[in-house]
Amino acid sequence: MLLLLLGIIVLHVAVLVLLFVSTIVSQWIVGNGHATDLWQNCSTSSSGNVHHCYSSSANEWLQSVQATMILSIIFSVLSLFLFFCQLFTLTKGGRFYITGVFQILAGLCVMSAASIYTVRHPEWHLNSDYSYGFAYILAWVAFPLALLSGVIYVILRKRE
Amino acid sequence: MAPGAPSSSPSPILAALLFSSLGLPLAQAIVVYTDKEVHGAVGSKVTLHCSFWSSEWISDDISFTWRYQPEGGRDAISIFHYAKGQPYIDEVGTFKERIQWVGDPHWKDGSIVIHNLDYSDNGTFTCDVKNPPDIVGKTSQVTLYVFEKGVRGDGPGGLAVQGGLGAGGCGGEGRAGGRGKIPGLMPFRLWEGGQKTAVAERCTSETAGNGCGARNRRCVAPLTPLLVFPPLLVPTRYGVVLGAVIGGVLGVVLLLLLLFYVTRYCWLRRQAALQRRLSAMEKGKLHKAAKDSKRGRQTPALYAMLDHSRSTKAASEKKAKGLGESRKDKK
């Protein structure tokens with residue numbers, strides 16, 4: 001039981017870390033000599049150190065991507081908080097519905113962020129030679145993990 | 001030209017107030033302003049505005065420098081220099097014969113126009129102003145995005161859009177017309193254009209040659225106070241959608257949560273009330289039953305007492321004894 005509890009918390013924290021990293025790190029799209037994320041465009045040298053950054057465009061879709069990423073972080077943090085609250089207050093046999101719902105919401109948010117970015121990024125990213133960076137992939141990885149942990153919360157019953 | 005307004009700002013107190021509210025240190029003597037982004041279609045021209053605020057008088061030695069850093073490129077190259085009343089224009093590089101000087105140092109304006117845009121012009125343009133002896137200060141950068149023709153339109157349609165946006169951003173009356181003229185244009189592009197007009201002085205130069213030119217020129221005047229401090233405008237526009245989405249979703253979620261809890265609370269209360277009434281009814285029944293049974297038990301005793309009282313006095317004495325005994329028993 002304790003192992004299960006630990007595993008769930010570790011999964012949740014992992015999702016949080018993934019969300020934070022993918023929101024912050026400037027590696028959503030990498031091309032030759034530049035790296036882009038939700039917040040800024042940076043030109044980099046071949047050795048990898050950043051030369052010059054300027055803030056990204058004010059495109060509405062980009063802003064909605066930023067917003068949904070932030071929302072997913074908020075929901076995930078809220079879910080962790082609620083989990084600990086419910087762990088101590090829930091009656092025996094109760095389910096972690098609220099926690100699970102928030103975690104699933106976080107998963108849906110990160111999914112919509114990543115899919116909006118996938119579809120709409122040519123609007124503010126005008127270079128033709130690019131590849132997706134690791135932060136973008138982490139965002140996609142965070143989506144099923146968040147959904148999984150949310151579903152676990154919903155299924156889980158409190159034992160004692 | 002529009003960005004000349006700072007010189008006409010009469011009260012230094014107001015300027016100081018504004019600057020302190022912007023978080024800019026007053027010690028920073030020269031402050032340069034440009035747009036954040038400028039968009040243009042391939043083959044069209046675009047105006048890169050540059051204005052500045054200086055604590056000193058405009059000197060004869062004032063100089064403007066525009067530097068260009070291609071997107072993804074490492075080095076910035078000088079493409080334009082203005083000094084001693086004379087503009088020096090790039091005559092060998094990529095902007096050969098494409099730059100036009102439209103600024104006026106007396107109006108604190110160092111704007112240039114780039115003609116015949118090409119995709120290779122994407123990049124960052126830096127405006128640097130030196131107004132000796134006032135030379136300490138930051139430069140300002142504007143990013144140029146060049147779009148393909150079909151998106152923004154370069155024919156009469158494109159002009160109509162730009163004109164409509166210009167009028168919309170200034171007078172508010174032309175926007176609907178501008179939108180109506182180009183059905184194929186996507187709304188977010190329109191918004192981008194609208195933002196540009198709000199932030200910058202787009203309506204001056206770009207719309208020359210179409211019907212709303214005169215109206216747009218006229219509308220520069222009310223815009224000038226905004227142009228003096230573009231940083232006031234840019235961030236508000238910048239995070240509007242971000243804030244709206246976050247606030248909206250959080251609000252909806254909170255509302256749903258609240259609704260859920262209120263419903264649950266009401267339901268539970270109703271349930272509890274029902275339960276109470278039910279239990280009260282049951283209790284009442286029991287109570288009544290108990291009372292009835294008590295009465296049932298007591299009444300015979302009473303009758304018995306009555307019967308006793310009706311009997312002989314000896315019997316009544318007996319009864320008194322018996323009562324005393326029974327009282328003792330009760331105690």
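Below, chain A is the first sequence line, B the second, and so on; all start at residue 1.
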(request) Return yes when atom CD of Gln271(B) has more than 12 non-hydrogen atoms of other residues, nucleotides or ligands closer than 6.0 Å, and no otherwise. (result) yes
(message) Just to verify, which of Val249(B), Leu250(B), Leu242(B), Val245(B) counts as forming a side chain to side chain contact (heavy atoms under 4.5 Å, CB included) with Ile70(A)?
(response) Leu242(B)
(message) Distance check, rounded to the nearest 0.5 Å: Ile246(B) atom CD1 versus Met69(A) atom CE?
(response) 11.5 Å
(request) Select all residues of residues 98-106 of chain A having any heavy atom within less than 4.5 Å of some heavy atom of chain B, and report them by number, or 'none'. (result) Ile98(A), Phe102(A), Leu105(A)
(request) Inspect the surroundings of CG in Leu3(A) and state if more than 12 heavy atoms from other residues, nucleotides or ligands are less than 6.0 Å away. (result) no
(message) Give the interface residues of residues 78-85 of chain A toward chain B, defined by a heavy-atom separation under 4.5 Å.
(response) none
